[in-house]
Amino acid sequence: MDSQGLQTLINYYCQERYFHQVLLVASEGIKRYGNDPVFRFYHAYGTLMEGKTQEALREFEAIKNKQDVSLCSLIALINAHKRSPNPDREAILESDARLKEQRKGAGLKALYHAGLFLWHIGHHDKAREYIDRMIKMSNGSKEGQILRGWLDITRGKDSYTKKALRYFEEGLQDGNNIFALLGKAQCLEMRQNYSGALETVNQIIMNFPSFLPAFIKKMKLQLALKDWDQVVETAQRILLQDNQNVEALRMLALYHLCRDGDIEKCGRSQLILQKTQTLVERAFNLTPQESEFATELGYHLVLQGKVKEALKWYNASLTLGENNVSALIGCIQCQLIEGQLQEAEHQLEFLREIQQSIGKPAELTYLHAILAMKKNKRQEEVINLLNDALDTHFSHLEDLPLGIQYFEKLNPDFLLEIITDYLNFCPMQPASPGKPLSPFLRRCTSVLETIVRTVPGLLQAVFLIAKVKYLSGDIEAAYNNLQHCLERSPSYADAHLLMAQVYLSQEKFKLCSQALELCLSYDFKVREYPLYHLIKAQSQKKMGEITEAIKTLRMAMNLPGMRTGASSKSKCTKTEVDASHRLSIFLELVEVHRLNGEQHEAAKVLQDAIHEFSGTSEELRVTIANADLALAQGDVERALSMLRNVTVEQPYFIEAKEKMADIYLKHRKEKMLYITCYREIAERMPSPRSFLLLGDAYMNIQEPEEAIVAYEQALNQNPKDGTLASKIGKALVKTHNYSKAITYYEAALKSGQQNYLCYDLAELLLKLKLYDKAEKVLQHALAHEPVNELSALMEDGRSQVLLAKVYSKVNRPGDAVTSLQQARELQARVLKRVQMEQPDAVPAQKHLAAEICAEIAKHSVAQRDYEKAIKFYREALVHCETDNKIMLELARLYLAQDDPEACLRHCALLLQSDRDNEAATMMVADIMFRKQDYEQAVFHLQQLLERKPDNYKTLSRLIDLLRRCGKLEDVPRFFSMAEKRNSRAKLEPGYQYCKGLYLWYTGEPNDALRHFNKARKDCDWGQNALYNMIEICLNPDNETVGGEVFENLDRDLGNSSEKQESVQLAVRTAEKLLKELKPQTVDGHVQLRIMENYCLMATKQKSNVEQALNTFTEIATSEKDHIPALLGMATAYMILKQTPRARNQLKRIAKMNWNPIDAEDFERSWLLLADIYIQSAKYDMAEELLKRCLRHNRSCCKAYEYMGYIMEKEQAYADAALNYEMAWKHGNQANPAVGYKLAFNYLKAKRYVDAIDVCHQVLKAHPAYPKIRKDILDKARACLRP
């Protein structure tokens, strides 16, 4: 880097206050450019700022006579003396006098460096004087203009930023000045032109690739553009140049906290707080006069719940700086936590009086709200204060780019505290679907979405969104958010508790119980929560277990505080929550007593509730419950008379009126009285929500004209609410007043309504076949600068899909496909981010992605590009695996392409979810017409399974039977039957076990392991699943353990090196699984010992194999004719290269009668003995054993493979090919070694086309498979050529 680059680097580090870096760069400059006075000056300045005042003074004294740095050295000397604990007054006066003298005749460079230094130390006005004089003297010095630009930037006003940009542009006219380019980038960033700033930074990087600050600036600009992937990439590039770079490390830490964070790392993690506290303590120890650090220490202690210690630090901070408002706010917060309400109130009054001078911090308003809650002030007063706190807080974030400062100002922890307080004023029961949201819930949703969009790793925010969605009645969204939480943190007890409520709402009672059990397993304290017992009782009630529900609720009634209310010591917010849950317990108990026919008990509990909650905010819920009881007893009039007594001043007035309306409509069928209730709500409580309720009520009784009037009144009160405008438009459409609807939408858009109204309007125009107008509306909606906001990307995606539909209608397929491709690109960006930023929207966005791909596929079919169509249909299924329409279209396409197997596969998948699908059934029938009949044994099992398809014991036997019949390809049909019978079949351990068994037998050990793993915790299937998993780990490719025939051949084909890498890992996995085996019988314990010793043998270490051999010998001695032990001995001998001893044991097994219990071990022993005979060229004896294997198992790939090998050795290539063909078929064409041998024998048998086909199959699955291309494929092709 040249001198200018080094000086710019120093300027950057001075501004960033990285003074150690200033020292290092200055040293580098001195080394390169001799005793350059400028570098010597900044070396002295760096020394000063590192606290070495005397050393710095000596350095400044040494260069103060150097012409270029004389002025800045004198200024620095004055500054250094003033920083000294005992300032030398005489020296200061002497330097000051000399400065005034020298200033008069100073040269251009002296003025420039003096101005530059004054800028660095924050004396901007003085710096401007020096630079203006320098520019005047030099008649517009470029250097001076550039520095003047930086000084204008520092003012921070838009008018000055424009001037600064002009100065930088002038400074760049003679070439790429690095300081000017950096200034230009800074200017553009301040004007929020982040893309332009990024271009300028890229220009710096291109011309000055080693200038690290440009990369740092680039990283920050990428963050401002919300491009996290690029941020991480740039940070990693910076760390390659400087592995200790603070900015890059901080950015990566920010990324992991914000994007990848989990409940352990995000939020109030005690571990992280302790580490950050240590850093703050070190900062305070270095500068004990800094009150800011003492305040920060207090804040850290509050977050850790150490309130008394925090108070000490806040008081210490106030001692250091009396005007420290943050410390005073911290003190008040501690007092409120400690219950010192009077002291806190005095302090708040004092701050209110001086508010004009200190501004209006959001934290201060929030403390007023906390005090109001603690003193039981009116709900309206508390809500207004919370609203005020939020408005103030977010006003400080306006125009701030996404960056470190934004995250600091956002302060998600503070926002979550406010939201938690808000939720105490929200209704505790979920809203009915379609009901307008409570304003509190709307506010919570807005704030939480902002937090999750910015800090998706903060799971507490995702959990609270789930809670808000649940209370809003959006159960699906709540479920999706909770799934996201629990995937990231399975031990999140509160999330399990809320998930139980979600399952209860969805009437999934078994899952509800499981969620409660999980919750309890992670946090035993939940047994003390009334809510836990309430959910459990509600679940029991829904399952008809009324007596159990009564017991659960009686247990809850005995919890501490249930009868007496919350104690005076508890927090106000907690009291409200507890009161609501307490009342819910009472009311649920009333309900279950009533359902149990115990009317007297129900009335008694209700009277208790009336007495307990009289005069509280929950009193009205008791009234509504009383009305419900009257309704249940058929006394409609009594229920109505109770509800009529509710006045507008009471908190549940709206709920009471809604209940009355519901009774009038459902029990009395009186529409006028129904609507009168909602009119009364709107008259007594005129708010947007009240008019919205009235409008929805009119829509409910099919009176859209009246609904429009109500919606318009709501819109007048809240003109920015696009959802209201959308409701009015849809209501107009319902009245078939299309022209008025179009006029309305257009007017709403002109008045600045949300852009998504464009979509509603375009949809209406498309419906009315006004295609040109629809196209114009959508083109207008899409005509904007590139966007990065997730919501805007979603809107653009929807608009592009609708535009494609418009183009299709006007027969412009090319334009339609272009729009769909653009929609697909947008949707790819959405799917990449939505999982983190808006988990509840994932299913809908995946569905849209599938729809886009399916539409592109349809266009491809129309153009007869079937391969492209298949590609996009398959992509659609990746997004939405269970979309039957897409699956059916794909199946049809495969059939048209003469690929019946693929068609059958998709039809089978389709019939699993829609067994009555006529088209799919017809396709299956068409394909199965060419298949042969099943054997009689399979027929009987089929009959049994058709009666009860989810009889998994039968299914597991059938799978084994079909394997032995060589009919494993028939198995998927039986899985389909099981899934048809029970939609939740895939969650059943028995199903997973059978699936695993099938996959294992068809040469897919990895998939098999996954399925067995899902069954291994089950009491019925777990032990067998574990044994199978261990066997797969020890022998995934189903080789002949100890066999030598294929070992050398496989090594020649390059197949052994991969296995060597994974064998140790597999053995370790098997050992872990062994620990989970809990045999209950004597035979089971013997089997466990056998497996343990197979694990030892799998290591192939001589000592381990000998140890295993001893155990097998011991078992074989104590258990007569124990086949697994004898086979174990033989295998051990083979590994130890003691073939004759192995042969003796195997011959012994060969003489025994086959039995189904030891079937697998018989098969393995016959194969191993055949392997030994083949090695000895005793092919006849080997063949006899292999035929025996195939008699008992027609799917035995290894037997076919050995037979093929024998035929090949005898040069009977056609017969060898037939056997290898069977091995290839029954091995699911998964083993490339078998494919190689099959292709080789086809080649030798002059079946060149078949050889080529098999080569292609092998290379498709294993592109790097050795030798096959050269040895077989090329030769077969050559043989085909004339």
Side-chain angles (χ1 to χ4, degrees), residues 1023-1024 1026-1047 1063-1064 1066-1173 1175 1185 1188-1189 1192 1198:
Q1023 295 294 295
N1024 285 338
L1026 280 165
Y1027 279 117
N1028 292 345
M1029 288 174 79
I1030 293 162
E1031 286 201 21
I1032 291 172
C1033 288
L1034 297 178
N1035 187 9
D1037 298 325
N1038 201 21
E1039 295 172 341
T1040 307
V1041 181
E1044 295 176 351
V1045 171
F1046 297 125
E1047 195 175 298
V1063 71
Q1064 291 305 318
V1067 172
R1068 282 198 297 275
T1069 307
E1071 285 168 353
K1072 283 180 191 171
L1073 291 169
L1074 273 169
K1075 290 172 185 172
E1076 291 183 36
L1077 284 168
K1078 304 283 186 252
Q1080 303 297 314
T1081 62
V1082 175
D1083 287 343
H1085 283 285
V1086 174
Q1087 191 181 2
L1088 176 57
R1089 284 181 71 196
I1090 295 281
M1091 294 308 289
E1092 285 169 347
N1093 287 281
Y1094 265 100
C1095 276
L1096 285 173
M1097 282 202 300
T1099 63
K1100 301 284 171 72
Q1101 292 172 10
K1102 190 180 178 186
S1103 59
N1104 286 348
V1105 177
E1106 284 172 348
Q1107 186 184 331
L1109 178 58
N1110 290 336
T1111 308
F1112 289 136
T1113 308
E1114 190 184 310
I1115 296 169
T1117 308
S1118 61
E1119 304 271 343
K1120 192 188 173 190
D1121 292 343
H1122 195 279
I1123 310 293
L1126 293 171
L1127 175 59
M1129 286 171 68
T1131 308
Y1133 283 133
M1134 287 300 291
I1135 294 169
L1136 294 168
K1137 306 296 180 189
Q1138 297 178 24
T1139 308
R1141 288 185 175 182
R1143 187 171 57 236
N1144 291 340
Q1145 299 302 330
L1146 293 168
K1147 278 182 176 179
R1148 188 175 157 191
I1149 297 171
K1151 290 172 187 173
M1152 295 179 191
N1153 292 326
W1154 182 88
N1155 68 75
I1157 296 166
D1158 295 318
E1160 300 298 324
D1161 291 308
F1162 270 112
E1163 183 174 303
R1164 288 175 195 143
S1165 64
W1166 295 337
L1167 288 170
L1168 186 53
L1169 185 54
D1171 187 287
I1172 293 168
Y1173 285 147
Q1175 283 287 87
L1185 285 164
R1188 197 189 299 182
C1189 281
H1192 290 287
K1198 220 67 193 170

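Salt bridge status for E1031 with R1164: present, with a side-chain N to carboxylate O gap under 4.0 Å.
With values rounded to the nearest 0.5 angstrom, T1111 atom OG1 is found 4.0 Å from N1093 atom CG. A distance of 8.0 Å separates NZ of K1198 from CG of D1037, quoted to the nearest 0.5 Å. Atom CD of residue E1163 and atom CG of residue L1127 lie 11.0 Å apart, to the nearest 0.5 angstrom. Taken from CG in L1088 to CE in M1091, the straight-line distance is 9.0 Å, to the nearest 0.5 Å. In this structure, the separation between CG on L1169 and CG on N1144 is 10.0 Å, given to the nearest 0.5 Å. Distance check: T1081 OG1 to Q1023 CD gives 9.5 Å after rounding to the nearest 0.5 Å.
Taking the side chain as every heavy atom from C-beta outward, D1121 and R1148 approach each other to under 4.5 Å. For the pair K1100 and V1105, the minimum side-chain heavy-atom distance is 4.5 Å or more. Side-chain contact between L1034 and V1041: absent, with no pair of heavy atoms (C-beta onward) separated by less than 4.5 Å. For the pair F1112/H1122, no side-chain contact is recorded, criterion being any heavy-atom separation below 4.5 Å from C-beta on. Between T1139 and M1134, some side-chain heavy-atom pair lies under the 4.5 Å cut-off.
Contact between Q1107 and L1096 at its shortest, heavy atoms only, is NE2-CD1, 3.7 Å. Residues A1150 and L1185 come closest through the heavy atom pair CB-CD2, 4.4 Å. Scanning all heavy atoms of the two residues, the minimum distance from C1033 to A1070 falls at CB-CB, 4.0 Å. Between I1172 and A1142, the shortest heavy-atom distance links the atoms CD1-CB, 4.5 Å. L1074 and E1092 make their closest contact through CD1-CA, 3.7 Å (heavy atoms, listed as atom of the first residue, atom of the second, distance).
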Check against side chain to side chain contact (heavy atoms under 4.5 Å, CB included), M1152 and F1162: CA-CA 9 Å; M1152 295 179 191; F1162 270 112; 4.0 Å; yes
Side chain to side chain contact (heavy atoms under 4.5 Å, CB included) evaluation trace for Y1027 with Q1087: CA-CA 9 Å; Y1027 279 117; Q1087 191 181 2; 3.6 Å; yes
M1097 vs N1104, side chain to side chain contact (heavy atoms under 4.5 Å, CB included): CA-CA, chis, key distance, verdict: CA-CA 6 Å; M1097 282 202 300; N1104 286 348; over 6 Å; no
S1165 vs L1126, side chain to side chain contact (heavy atoms under 4.5 Å, CB included): CA-CA, chis, key distance, verdict: CA-CA 9 Å; S1165 64; L1126 293 171; over 6 Å; no
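Applying the side-chain hydrogen bond (donor to acceptor under 3.5 Å, both in side chains) test to T1040 and every residue at least two apart in sequence or in another chain returns Y1202. Applying the side-chain hydrogen bond (donor to acceptor under 3.5 Å, both in side chains) rule to N1035 yields no partners; only residues at least two apart in sequence or on another chain are considered.
No donor-acceptor pair under 3.5 Å is formed between the side chain of K1120 and the backbone N or O of T1117. A donor-acceptor pair under 3.5 Å is absent between the side-chain atoms of T1099 and the main chain of C1095, judged by distance alone.
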